[in-house]
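Data first, discussion second: the structure below is written as structure tokens.
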Amino acid sequence: MSKLLTVRDLVVEVPSRRMKIIDGISFSLEAGQTLGLVGESGCGKSMTCYAVANMLPRGIERTGGSIEFERDPSKSGRAADPTIAMIFQDPTSSLNPVHTIGYYLESALYRNQGLKGNDARLEAMRLLERVGIDRAKSRLRAYPHQFSGGMNQRVMIAHALAAKPQLLIADEPTTALDVTMQAQILHLLEELKAETGMALIIVSHDLGVIARLADHAAVMYCGKVVETAPVADLLQRPAHPYARALIDCMPSIDPADLEPPVPIPGSVPLLDSLPKGCHFHPRCSRATGECTALFPSPSAIGRVHEASCYHPVAA
Amino acid sequence: MVGFILARTFRAILVLIFTVTLVFIVLRLSGDPAQQMLSDSTSPEALAAFNAKWGLDRSIFEQYLFYVANALRGDFGISFADGREVFTVVSERIPKTFALTVPAFILSLLIGIPAGIIAAMHRESAVDKGVMAGAVLGYSIPNFLLGLVFIFAFAVWLRVLPSSGSSTWRHAILPVATFALYNAAAVARFMRSTLIDVLGQPYIAAARADGVPNIEIILRHALPNAAIPMVTTLGFVAGGLLGGAVLVEPVFAWPGLGTGFVNATSTGDLPVAQAMVLLFTAFMVVINLTVDVLYVVLNPKIRKQ
């Protein structure tokens, strides 16, 4: 299988404050595969997505590393890069309140596929039906405020599909939704991935979401990737103490599992006052003197399983 | 929509009735018109005759009822000052004031809106700082003072424009410029801050991520949202122009409602002053009604409920 996306030593900074938000992360993604980015709030998951989609906000810049896409040899320039679409955490505020759902979808269809008029309307209806919104014809005239968050997320997904993306980036797509809606949206993403063969980067702080959708996962902490592994490996044999702690603090609904969730002590350090060495050492029970000196480089734990830790948790 | 407009119209009428009453009382409390109009040496008989002629010897309640009843028929009484119908005195001044305020309003939009958009699009740049410095300057000079500066510069010093009167269109240039500059500054400042606020919304970032061209982002995505709060501000600007007429027109001896109102209050010409306040209130009520209706037209969140 070919690599669709290769990110090497990516560095993203706030130049005005000389603060590194993302500090040298690397990962790759194969066509049709799903990568999960997991970690606590503020660890740089979303910024990684924005950097890949080339939509970093004002005042934040990519200052190092490379982001390479597999290029289509039949095209040149930017057109040769794979199409990327993105969906966001809060779908309702990501939709323009003065435009109808129809305008939103039809203008995207025009931009991406050159469809106009009736063709665009029919395709917009088909997309809405595909993402599970019924009475599509009348819904095209509706405004975002008339829809629930879950429906708006479906609209965003329909809009992303209009671009026929080879890569869909989903930044916390279910965080703002209620639980039943979460399950439906995840199911929809699974279906669409199988149907279109697009690759997916899914960001979540919820390991359950990652476990369900991702093939491969990268655990992030303070702007660094601390562990990468196939999802099953990560859940069963986490090597980095932080990954282990994330799994331990998930509540279980299995009645046989009597162990209470264990919270991670302390809190995420601020980016402008990161502890030296391994950024996790102040919260880590396995930390030694070595951990406070130098950030550990990634070492192989298994096949395609790496962790940046001097004292990985034994399998 | 129709129900909404009817409800607002009913409220507007209530506001007018309230204003008529308030103005009637306040002006009656502000001094005896007979003493203001006639000299101190007037005989008591002449004073009594004056009061009887204008109905000022009746109780204030009777005067009020007469006034309201006549006003409903379009009869606002006779001017104390020159004995002409108030209706005529006031209505011949209306076009004069509109001749200043309407061009000034249009001009302040034509200058203020593009300036605000350009400043917002080039936020924190030299262009933005230049535009905003100009706006702060225009906004902080009181408009009557700006009028005097213009008279000094263009009429007294350069001698290119007339300083007072209204006989030709050239007479309108300085008062319109005075009005427009001040209000263009206000419009530009508000346009800029509103647009910057809208451009920071997630749906704009999402549209940019989609590759929507910048010009389309501004015109189709940002401005329709910015227009909603802008309409409210433009209502204030339009109202401020009419209020500003009282300050600016006398500076240029422009024979509009503003000058007329200043004259009527200083000479105690109650019927004229009263009718003018009522007219100003009616303008404000119409402006507010327009703002309310436009707000509903522009904002789908309100329209669809």
Side-chain angles (χ1 to χ4, degrees), chain A residues 16 46 49-60 78-79 81 83-112 138 141-147 152-153 155-156 159-163 165 168-169 171-172 176, chain B residues 1 113 117 119-129 191-232 291 293-305:
Chain A
S16 61
S46 294
C49 297
Y50 293 149
V52 170
N54 194 23
M55 57 172 289
L56 286 169
R58 277 174 76 93
I60 299 179
R78 284 208 62 182
D81 286 337
T83 318
I84 303 174
M86 192 157 175
I87 60 176
F88 303 91
Q89 178 171 149
D90 183 355
T92 304
S93 67
S94 301
L95 292 167
N96 196 323
V98 302
H99 290 313
T100 59
I101 303 302
Y103 172 87
Y104 182 60
L105 293 177
E106 285 164 35
S107 62
L109 286 165
Y110 176 69
R111 251 192 329 277
N112 292 297
S138 65
R141 288 193 301 272
Y143 287 89
H145 72 271
Q146 295 168 302
F147 279 13
N152 278 333
Q153 192 60 285
V155 171
M156 299 251 6
H159 174 262
L161 291 177
L168 177 65
I169 300 176
D171 182 9
E172 306 252 11
Chain B
M1 186 74 180
I113 289 180
I117 293 173
M121 284 173 70
H122 304 91
R123 192 178 165 192
E124 307 294 323
S125 71
V127 179
D128 178 25
K129 285 177 180 150
M191 185 73 237
R192 174 185 182 270
S193 64
T194 306
L195 193 56
I196 284 177
D197 184 49
V198 170
L199 288 175
Q201 295 297 314
Y203 52 80
I204 298 293
R208 285 198 201 283
D210 278 357
V212 179
N214 199 29
I215 184 80
E216 208 182 317
I217 295 258
I218 299 289
L219 294 180
R220 314 261 332 235
H221 292 257
L223 283 181
N225 281 286
I228 299 165
M230 272 312 279
V231 161
T232 314
V291 166
V293 171
L294 281 178
Y295 203 85
V296 175
V297 170
L298 291 171
N299 192 345
K301 284 192 191 174
I302 299 180
R303 196 187 336 158
K304 290 276 175 170
Q305 273 161 14

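Throughout, a chain's letter reflects where its sequence line sits, starting with A, and its residues are numbered from 1.
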Say you draw a straight line from OG of A/Ser46 to CG of A/Leu56; how long is it, rounded to the nearest 0.5 Å?
11.0 Å

Nearest-0.5 Å distance, OG of residue B/Ser193 to CE of residue B/Met230:
8.5 Å

Among pairs that include at least one residue of residues 83-95 of chain A, which meet side chain to side chain donor-acceptor pair (under 3.5 Å), considering only residues two or more places apart or in two chains?
A/Thr83-A/Gln166, A/Asp90-A/Ser93, A/Thr92-A/Asn152

Is B/Thr194 close to B/Pro229 at the side-chain level, that is, under 4.5 Å between some pair of heavy atoms?
yes

What are the residues of residues 100-110 of chain A, in order of number, with any heavy atom under 4.5 angstrom from a heavy atom of chain B?
A/Tyr103

Could you give the distance from CE (A/Met55) to CD1 (A/Ile169), rounded to the nearest 0.5 Å?
9.0 Å

Residues in residues 218-225 of chain B near chain A [non-hydrogen atoms, under 4.5 Å]:
B/Arg220, B/His221, B/Pro224, B/Asn225

Let me confirm one number: the OH-CG distance from A/Tyr50 to A/Asp171, rounded to the nearest 0.5 Å.
5.0 Å

Check: A/Leu95 main-chain N/O paired with B/Gln201 side-chain donor or acceptor under 3.5 Å:
no

Highest number of heavy-atom pairs under 4.5 Å with chain A among B/Val212, B/Ile228, B/Ile204 belongs to B/Val212

For A/Arg111, which residues count as a salt bridge (Lys or Arg N to Asp or Glu O under 4.0 Å) partner, sequence neighbours excluded?
B/Asp210

Can you tell me how far apart CE (B/Met121) and CG (B/Asn214) are? Round to the nearest 0.5 Å.
5.0 Å

Distance from A/Tyr143 atom OH to B/Asn299 atom CG, nearest 0.5 Å?
9.5 Å

Please look at B/Val198 and chain A and tell me whether the side chain, the backbone, both or neither of the residue comes under 4.5 angstrom of a heavy atom of that chain.
neither

